Amino acid sequence: MPARLFVAFCLGAMLTCTLPMVAEAQSDGTIMVPNNDPEIAAAIAKARSTLPAFWKAVAEPGQGEEGFALKVAIKDGGDTEHFWLIDVEREGDKYVGTINNDPQIVGNVTAGDRYAFAEADISDWMFMRSGKIVGNETMRPLLKRMPEAQAEQYRSMYEAP
């Protein structure tokens with residue numbers, strides 16, 4: 001399966017934040033969590049702290065490394081939704097990428113849009129190494145909120161630590 005399609009498929013349970021929602025899986029695979037969820041906040045902090053490893057891999061991909069993507073928070077009024085962006089480019093402190101999810105909450109973007117963002121908007125990163133997920137820290141706390149069979153499928157996709 002091409003990396004771009006795999007990224008879109010394996011990240012179907014995207015992180016969507018909106019304050020009044022409770023953490024629960026929706027019928028489309030989206031997992032809604034409140035903005036102040038401490039596990040997600042910790043995962044975002046970890047992803048941001050390891051962002052230099054992502055940029056290094058983008059600049060000099062190792063053997064079997066492909067499918068580079070960033071998760072970016074996009075706001076529309078009082079709502080925030082996190083999208084995976086592919087084909088990400090960085091020039092100094094300017095970033096742009098292609099939205100790779102259909103919006104569920106915000107209405108100011110659509111899948112396929114090129115979107116400019118700031119580093120502060122980045123909430124996660126990931127890529128594939130020899131068919132296994134590297135990064136994608138925000139998925140990890142969501143695993144316990146999914147049906148067990150689905151969670152086990154995602155766990156098997158991660159590269160061993």
Side-chain angles (χ1 to χ4, degrees), residues 1-17 29-31 33 35-76 80-104 106 108-146 150-161:
M1 177 179 286
R4 182 175 300 180
L5 295 176
F6 184 77
V7 169
F9 168 75
C10 80
L11 304 171
M14 69 184 174
L15 170 65
T16 304
C17 292
T30 302
I31 297 176
V33 297
N35 281 333
N36 59 356
D37 184 284
E39 290 179 305
I40 296 299
I44 290 171
K46 183 175 181 181
R48 286 182 177 162
S49 74
T50 58
L51 198 52
F54 172 82
W55 291 119
K56 182 178 184 214
V58 168
E60 300 173 15
Q63 186 172 344
E65 294 181 347
E66 61 184 353
F68 298 94
L70 288 174
K71 187 180 280 187
V72 174
I74 298 177
K75 296 180 183 197
D76 184 12
T80 301
E81 188 168 350
H82 294 253
F83 290 84
W84 284 103
L85 277 63
I86 57 172
D87 302 324
V88 177
E89 298 174 21
R90 173 175 78 156
E91 189 171 315
D93 62 352
K94 296 180 181 177
Y95 303 85
V96 65
T98 301
I99 295 178
N100 202 38
N101 301 97
D102 288 320
Q104 302 297 310
V106 300
N108 56 344
V109 296
T110 58
D113 287 352
R114 288 294 282 170
Y115 184 79
F117 57 96
E119 185 170 320
D121 298 324
I122 299 171
S123 55
D124 207 349
W125 59 266
M126 71 153 292
F127 61 89
M128 304 303 292
R129 180 182 293 137
S130 300
K132 294 289 188 175
I133 297 171
V134 178
N136 198 3
E137 295 298 329
T138 54
M139 176 66 90
R140 296 172 197 267
L142 300 179
L143 294 172
K144 64 185 175 189
R145 302 172 193 191
M146 295 177 186
Q150 182 183 19
E152 191 51 44
Q153 178 184 5
Y154 283 114
R155 282 186 198 100
S156 73
M157 293 181 196
Y158 276 95
E159 182 176 76

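In this text the structure is predicted, and so the values were computed from the model without any measurement.
With rounding to the nearest 0.5 angstrom, the OG1 atom of T110 is 8.5 Å from the CG atom of D102.
With sequence neighbours excluded, the residues satisfying salt bridge (charged side-chain N to carboxylate O under 4.0 Å, His left out) with R155 are E148, E152. Every residue two or more places apart in sequence or in another chain that forms a side-chain contact (heavy atoms from CB on, under 4.5 Å) with E39 is listed here: D37, P141, K144, R145.
At distances below 3.5 Å, at least one donor-acceptor pair connects side-chain atoms of D124 with backbone N or O atoms of E137. Remark: side-chain polar atoms of E81 are paired, donor with acceptor, to backbone N or O of Q104 under 3.5 angstrom. Remark: side-chain polar atoms of W84 are not paired, donor with acceptor, to backbone N or O of N101 under 3.5 angstrom.
Under the 4.0 Å criterion applied to side-chain N and carboxylate O atoms, R114 and E89 are assigned as salt-bridge partners.
At least one side-chain heavy atom of L51 sits less than 4.5 Å from a side-chain heavy atom of E119. Put simply, the side chain of M128 does not reach to within 4.5 Å of the side chain of V134, judged on heavy atoms. Between I74 and F117 the shortest side-chain heavy-atom distance does not fall below 4.5 Å. Contact of the N108 side chain with the Y115 side chain is not registered, since no non-hydrogen atoms from C-beta on lie closer than 4.5 Å. Side-chain contact check for I40 versus L142: some heavy-atom pair is nearer than 4.5 Å.
Of the residues listed (F68, F127, Y95), the one engaging W55 in a ring pair (Phe, Tyr, Trp, His ring centres under 6.0 Å) is Y95, and it is the only one. Checking R48, K71, H82 one by one against S123, the side-chain hydrogen bond (donor to acceptor under 3.5 Å, both in side chains) holds for a single residue, H82.
Heavy atoms only, all atoms of each residue included: Y158 and K132 are closest at O-CD, 3.8 Å.
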